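In what follows, chains carry the letters A, B, and so on, assigned in the order in which the sequence lines appear, proteins first and then strands, with residues in each chain numbered from 1. Owing to the predicted nature of the structure, the values given are computational and were not obtained by experimental measurement.
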Amino acid sequence: MFNKIVPRSEDYAKWYTQVIRQAEMADYAPVRGCMVVRPYGFALWENVKEQLDSRFKATGHQNAAFPLFIPMSFIEKEAEHVEGFKPELAVVTHGGGKKLDEPLVVRPTSETIIGYMYSQWIQSYRDLPVLINQWANVVRWELRPRLFLRTMEFFWQEGHTAHATHAEAKEETLRILDIYTDFAVNEAAIPVIPGRKSESEKFPGALTSYTIEAMMGDKRGLQAGTSHDLGQNFAKAFDIQYLDANQKQQHCWTTSWGVSTRMIGAIIMAHGDDQGLVLPPRLAPTQLVIVPITPKNREDDKQAVMDAVAKICETLDGVRYHVDDRHDYSPGWRFNEWELKGVPLRIEIGPRDLQKDQVVLARRDILGRDGPRGGKTFVAIDNVANEVKQMLDTIQADMLKRATAFRDANTFEPTSYEAFQEVVEEGFARAWWCGDEACEAKVKEDTQATIRCVPIAQPDGAGHCIVCGAAAEEIAIFARAY
RNA sequence: CGGGGCGUAGCGCAGCCCGGCUAGCGCGUCUGCUUUGGGAGCAGAAGGUCGGAGGUUCAAAUCCUCUCGCCCCGACCA
């Protein structure tokens, strides 16, 4: 199945969907707003999972599994939480052929049911902290779905922790934000801006929400992960209390944090080009594809090529490679296929290479045929493994550099509201903000842009709000977002 | 829920405005031969309730009415 994909510049939304479907990452399900994650997409997700999971465990978290169904009354216990989630709940009213006494909500997120369980498990300060994560699917009745970015059902991890003090909870919230940032930058090669959400954008029920914000290939923003300081809001709603060392009952301080399959969408949009996906080597399901070029009527040549391939494979320990020996597909066809799928590195090897004891190494992130600076280089056949490993590191680093350069080139620091309105249409606008919700709302009305975050990293000094001119202490990132 | 677009072969589409022979085309699939260093060529073959229901007509993919669904742009959101 081969159809040319539409260039990004022509129709970004169409490009995005075409790439996902043609690269076999995902497909539409028969139910509106739901998607099927196909094996190739899921393999990428599994690598994301593995990287995050190992970081969670290294910081003392354990995995568990909580139920899919939540009693409706649970959702209603925290005022802001209900208000935020009620409109997008899927509710089960019947079971076993009978109407249920109390409707069950298909979890949109699990603070409530986990909070309920924590209230039973936590008695003493000695029980704290509780550090639990779960990998799960959740459902939100979204009005306008989009593959990976916003589907009605999506996959994610949600961490839920309980602490004795607010200081500890804050520390946890920021520790996770660091983990997310580290993951995004060093594994996904996506430069993200860690920061705080504004009041209007924060998680329903949180005291403070933190986020990592990324820029996509069309210069729009994407929230790629969130970490919430829930204060004592859920502890109070669910009665999560402990007896402290002075024999006093105290409410716990809780946090929650999540990264979803949206991260896959971020990877696609941060790195993809008109040829298809470009996957960062550290997460790519296949890091290296070997394409043997074997003339049909020369069995001895074919055998020699395949022997050389087998020999190379023996040296590739630690590399996720695949040999595409579909000899009935032409080399060009196979090249294009793997480029569409974003495999970071390709080895081309044919009889002509064998004569010179070399192979062709072609990198996905730099297309172009020839020359030492192009995407293709010749590499001595004895040294393939070393070159491959080095090249994978180089690609990983270059992808991050390229994405960072792109983001920086499209980040502006306007000094007047007029200039602000213009630049926010074509990238990130960094500007002073007084903190007033009215100014935030005005920006949204005038430009459709929202505050993506108030970055953790702030410049020295103070300035004047880009909207109202009042004294401002913080810089905010404004952008149009998904 | 508002605005736009679309449902015809596995996929992508033309045909519809202006009704008329057996509903076409490209890709893919199957068979055979020739091919393989950037999406191979030739020959042959299979594959269709034209989204659904009703209506108009001698005759409907095409016109009318109703209906279902999907995609895109907004409002809402990880």
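Without hydrogens or angle criteria, A/Arg334 side chain to A/Asp324 main chain gives a donor-acceptor distance under 3.5 Å.
Picking from B/rG39, B/rA75, B/rG38 the nucleotide with the shortest atom distance to the side chain of A/Leu143 gives B/rA75. Here the side chain of A/Pro351 is nearest to one of B/rA40, B/rG37, B/rC77, namely B/rG37.
Across all strands shown, B/rG69 is found opposite B/rC6 as a Watson-Crick or G-U wobble partner, with both distances under 3.5 Å. Within the shown strands, nothing qualifies as a pairing partner of B/rG19 under the Watson-Crick or G-U definition with both distances less than 3.5 Å. Pair assignment for B/rG38: none, as no Watson-Crick or G-U wobble contacts are both less than 3.5 Å. Judged by Watson-Crick or G-U wobble contacts below 3.5 Å, the nucleotide B/rA43 has B/rU31 as its partner. Remark: B/rG24 base-pairs with B/rC13; criterion is Watson-Crick or G-U wobble with both hydrogen-bond distances under 3.5 Å. Under the Watson-Crick or G-U wobble criterion, with both distances below 3.5 Å, B/rG74 is paired with B/rC1. Base pairing of B/rC63 is made with B/rG55, judged by Watson-Crick or G-U wobble geometry with both donor-acceptor distances under 3.5 Å.
Listed pair A/Lys444 / B/rC76 meets the phosphate criterion, a side-chain N or O lying under 4.0 Å from OP1 or OP2. The side chain of A/Ser330 contributes no N or O atom lying less than 4.0 Å from OP1 or OP2 of B/rU36. For B/rA75, the OP1/OP2 oxygens have a side-chain nitrogen or oxygen of A/Gln448 closer than 4.0 Å.
For the pair A/Glu88 and A/Leu354, nearest-nucleotide mapping onto RNA chain B gives the more 5' position to A/Leu354. Nearest-nucleotide positions on RNA chain B place A/Gln275 closer to the 5' end than the other of A/Phe148 and A/Gln275.
When heavy atoms are screened at a 4.0 angstrom cut-off, A/Arg480 is found touching the sugar-phosphate backbone but no base atom. Across all strands shown, A/Pro331 has heavy atoms under 4.0 Å from base atoms, whether or not it also approaches the sugar-phosphate. Backbone-only engagement by A/Gln223 is indicated by non-hydrogen atom pairs under 4.0 Å involving sugar-phosphate atoms exclusively. At a threshold of 4.0 angstrom between heavy atoms, the contacts of A/Leu149 include nucleobase atoms, whether or not backbone atoms are also involved. Using a 4.0 Å heavy-atom cutoff across all strands shown, A/Val360 reaches at least one base atom of the nucleic acid. If you check every strand for non-hydrogen atoms under 4.0 Å, A/Gly258 touches nothing. When heavy atoms are screened at a 4.0 angstrom cut-off, A/Asp353 is found touching base atoms of the nucleic acid. Note on A/Thr450: nothing from the nucleic acid sits closer than 4.0 angstrom, heavy atoms only.
In this structure, A/His228 places its NE2 atom 14 Å from P of B/rC77, rounding to the nearest Å. A/Glu348 places its CD atom 17 Å from the P atom of B/rU36, with the value rounded to the nearest Å. Distance, A/Glu337 CD to B/rG39 P: 15 Å, rounded to whole Å. In this structure, CD1 of A/Ile293 is placed 9 Å from C1' of B/rU36, rounded to the nearest angstrom. Atom-to-atom, NE2 of A/His81 to P of B/rC77 comes out at 15 Å; the value is rounded to the nearest Å.
Going from the P atom of B/rA61 to that of B/rA9 covers 14 Å, rounded to whole Å. The P atoms of B/rG47 and B/rG10 are separated by 12 Å, rounded to the nearest whole Å. Between B/rG28 and B/rG19, the two P atoms lie 37 Å apart (nearest whole Å). The separation of B/rG54 from B/rC18, taken at their C1' atoms, amounts to 25 Å, rounded to a whole angstrom. For the C1' atoms, the distance from B/rG12 to B/rC77 is 33 Å, rounded to whole Å. Between B/rC64 and B/rC16, the two P atoms lie 14 Å apart (nearest whole Å). B/rC42 and B/rU8 have their P atoms separated by 29 Å, given to the nearest Å. Comparing the P positions of B/rA40 and B/rC68 gives a spacing of 45 Å, expressed to the nearest Å.
The local environment of CD in A/Glu80 is crowded, with over 12 non-hydrogen atoms from other residues, nucleotides or ligands closer than 6.0 Å.
Between the side chains of A/Tyr417 and A/Asp446, at least one donor N or O lies within less than 3.5 Å of an accepting N or O. For the residue pair A/His160 and A/Ser256, no side-chain donor N or O sits within less than 3.5 Å of a side-chain acceptor on the partner. Between the side chains of A/His61 and A/Glu172, at least one donor-acceptor pair of N or O atoms lies under 3.5 Å. In the model, A/Glu437 has no side-chain atom that pairs as donor or acceptor with a side-chain atom of A/Ser200 under 3.5 Å.
Between the base of B/rG38 and the side chain of A/Lys376 there is a donor-acceptor pair shorter than 3.5 Å. One can find a donor-acceptor pair under 3.5 Å joining the base of B/rG38 and the side-chain atoms of A/Arg346. A donor-acceptor contact under 3.5 Å is formed by the side chain of A/Glu339 with the base of B/rG38.
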Strictly under 4.0 angstrom, non-hydrogen atoms only: write out the protein contact profile of nucleotides 67-72 of chain B, one letter per nucleotide from the 5' end, B, S or -. ---SSS
Show me, pair by pair, the donor-acceptor contacts under 3.5 angstrom made by side chains of residues 42-49 of chain A, not counting sequence neighbours?
{"from": "A/Asn47", "atom 1": "ND2", "to": "A/Leu283", "atom 2": "O", "distance (Å)": "2.8"}

Go through A/Arg346 and A/Glu339 one step at a time and tell me if the salt bridge (charged side-chain N to carboxylate O under 4.0 Å, His left out) criterion holds. CA-CA 9 Å; A/Arg346 177 177 72 236; A/Glu339 279 168 10; 2.9 Å; yes
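A/Gln232 is linked by a side chain to side chain donor-acceptor pair (under 3.5 Å) to nothing, counting only residues two or more places apart in sequence or in another chain.
A distance below 6.0 Å separates the ring centres of A/Phe56 and A/Trp257.
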